[in-house]
Amino acid sequence: MPKEEFIDLRSDTVTLPTEEMLEAIRHAKLGDDVYGEDPTVNELEALAAERMGKEAAVLVPSGTMANLVSLMSNTKRGDLVILESEAHMYWYEVGGISAVAGLLPWPVKSKAGALDPLDVEAAIRPRNIHFPEPSLVCVENTHNRHGGTVVSPEQLHAVGEVARSHGLRFYMDGARIFNAAVALGVDVKEFTKHVDNLMFCLSKGLSCPVGSLVVGNRDFVERARKNRKVLGGGMRQAGIIAAAGIVALETMVDRLADDHRNSRFLAEGCAKIDGLSVDLVRVQTNMVVLDISGLGVEDALFTSKLREKGVLAGAIGKGKVRFVTHRGIEREHVERALEAIKDVVAELRSR
Ligand SMILES: Cc1ncc(COP(=O)(O)O)c(C=O)c1O
């Protein structure tokens with residue numbers, strides 16, 4: 001089957017740039033951004049800072065680099081960083097938090113992605129000659145491994161209070177923060193006002209080919225710019241990336257609601273299929289995590305059977321399969337995906 005005929009529900013990172021983005025890239029005014037001379041990058045960074053209600057922003061190539069430069073710019077080597085135990089930074093960023101930033105991650109469990117302030121309080125041990133110094137608390141919003149769950153502004157406020165009362169900084173991996181804002185129908189600043197700094201991605205549901213922004217106060221962003229250079233992330237005519245980012249911020253946020261409606265439709269359809277279970281409470285944005293453990297097969301077998309029927313999904317371990325909706329996935333694709341899921345379940349149950 002040619003690749004473009006698959007219904008690709010593995011991730012929102014597979015989205016391709018829109019025609020408007022390609023036009024903007026073609027016509028972008030460019031300069032050397034390491035000298036601060038790319039007008040399109042400067043425009044995007046100012047726009048991102050304004051949207052997030054912070055003083056400044058810096059463009060980096062990826063979400064992983066955004067998290068890494070943010071860790072490096074919020075801490076000193078040897079510090080302890082409190083984060084949620086299923087966090088992307090902890091699971092999927094190749095241990096850069098320790099290997100590159102020199103930090104000790106201190107994972108704290110949560111029920112659905114939102115840290116309990118009491119657990120954060122308990123994780124902040126008193127200053128003692130034996131202990132590493134805690135300097136940062138991190139949250140992820142929406143929370144990927146918990147199924148795209150939203151950490152509400154109230155929950156952020158409560159954790160932020162604990163962090164601040166102990167003199168710790170508070171950082172948000174907001175790779176999909178616009179999904180959270182659209183899900184609750186509030187301005188993104190309702191979330192960002194509770195954290196000292198954050199990153200968000202252009203290259204996920206917002207459909208850009210590449211790029212993330214690190215956002216915060218001027219001092220922090222200056223350090224982040226320097227740390228980006230340390231990591232080799234200083235880019236030259238980066239306006240070709242920024243041009244698409246401006247289009248994304250101006251035109252691609254509201255449509256995330258379509259992705260949320262489609263994931264809900266998929267989740268409710270799956271919940272009706274015998275042998276599958278879905279925690280519908282966690283289906284809050286553009287992700288659906290199916291529990292296939294009732295079928296007694298490996299999740300990789302399930303996704304390979306689905307692939308034979310033209311549907312791509314992610315095997316995420318422990319009997320779980322993840323589907324992510326995004327631009328390019330319409331209701332009819334979700335309907336076809338549901339039919340394929342039904343067929344695969346029937347086939348596996350009849351073995
Ligand atoms: C929550 C979260 N943070 C960070 C990242 C890293 O982004 P990138 O793939 O651009 O490095 C991802 C990627 O999926 C993510 O889901």
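No experiment lies behind these values; they were computed from the predicted model shown. All ligand and atom numbering here is 1-based and tracks the order in the structure.
Of the protein's non-hydrogen atoms, Asp173 OD2, 2.7 Å is the one closest to atom 3 (N) of ligand 1. The single protein non-hydrogen atom nearest to atom 15 (C) of ligand 1 is His88 CD2, 3.2 Å, given as residue, atom name and distance. Atom 9 (O) of ligand 1 has as its closest protein heavy atom Lys204 NZ, 3.9 Å. Scanning the protein for heavy atoms near atom 11 (O) of ligand 1, the closest one is Thr64 OG1, 2.6 Å. The shortest contact between atom 10 (O) of ligand 1 and any protein heavy atom is with Gly63 N, 2.8 Å.
At a 4.0 Å cut-off, not a single heavy atom of Met65 sits close enough to ligand 1 to count as contact. Using a non-hydrogen distance threshold of 4.0 Å, Arg176 registers as a contact of ligand 1.
Annotation for ligand 1: atoms under 4.0 Å from non-hydrogen atoms of Ser62 are 10 (O), 11 (O).
The hydrophobic clustering, which links ILVMFWY residues whose side-chain heavy atoms are closer than 4.5 Å, places Val162 and Leu83 apart.
Salt bridge status for Glu339 with Lys309: absent, with no side-chain N to carboxylate O gap under 4.0 Å. Salt-bridge formation is not detected for the pair Arg327/Asp12: no Lys NZ or Arg NE/NH1/NH2 atom is positioned less than 4.0 Å from an Asp or Glu carboxylate oxygen.
Side chain to side chain, Asn144 and Arg322 meet the donor-acceptor criterion of an N or O pair below 3.5 Å. Judged by distance alone, the side chains of Glu93 and His88 do bring a donor and an acceptor atom under 3.5 Å apart.
By the criterion of a heavy-atom distance under 4.0 Å, the side chain of Glu93, and not its backbone, is placed next to ligand 1. Contact annotation for Asn67 and ligand 1: only side-chain heavy atoms (C-beta onward) come within less than 4.0 Å of the ligand. The side chain of Met199, and not its backbone, has at least one atom closer than 4.0 Å to an atom of ligand 1 (non-hydrogen atoms only; side chain from C-beta on). Heavy atoms of Glu140 found under 4.0 angstrom from ligand 1 belong exclusively to the side chain.
Counting non-hydrogen atoms of neighbouring residues, nucleotides and ligands closer than 6.0 angstrom, the OH atom of Tyr90 reaches no more than 12 such neighbours. By the neighbour-count criterion of 12 heavy atoms within 6.0 Å, atom CG of Asp254 is sparsely surrounded, having that number or fewer from other residues, nucleotides or ligands.
Taking the ring centre of Phe170 as origin, the terminal cationic atom of Arg164 falls outside the region bounded by 6.0 Å and 45° from the ring axis. A cation-pi geometry, defined here as NZ or CZ lying under 6.0 Å from the six-membered ring centre and within 45° of its normal, holds between Arg331 and Phe265.
Any N or O atom pair closer than 3.5 Å counts here, and Asn144 shares at least one such pair with ligand 1.
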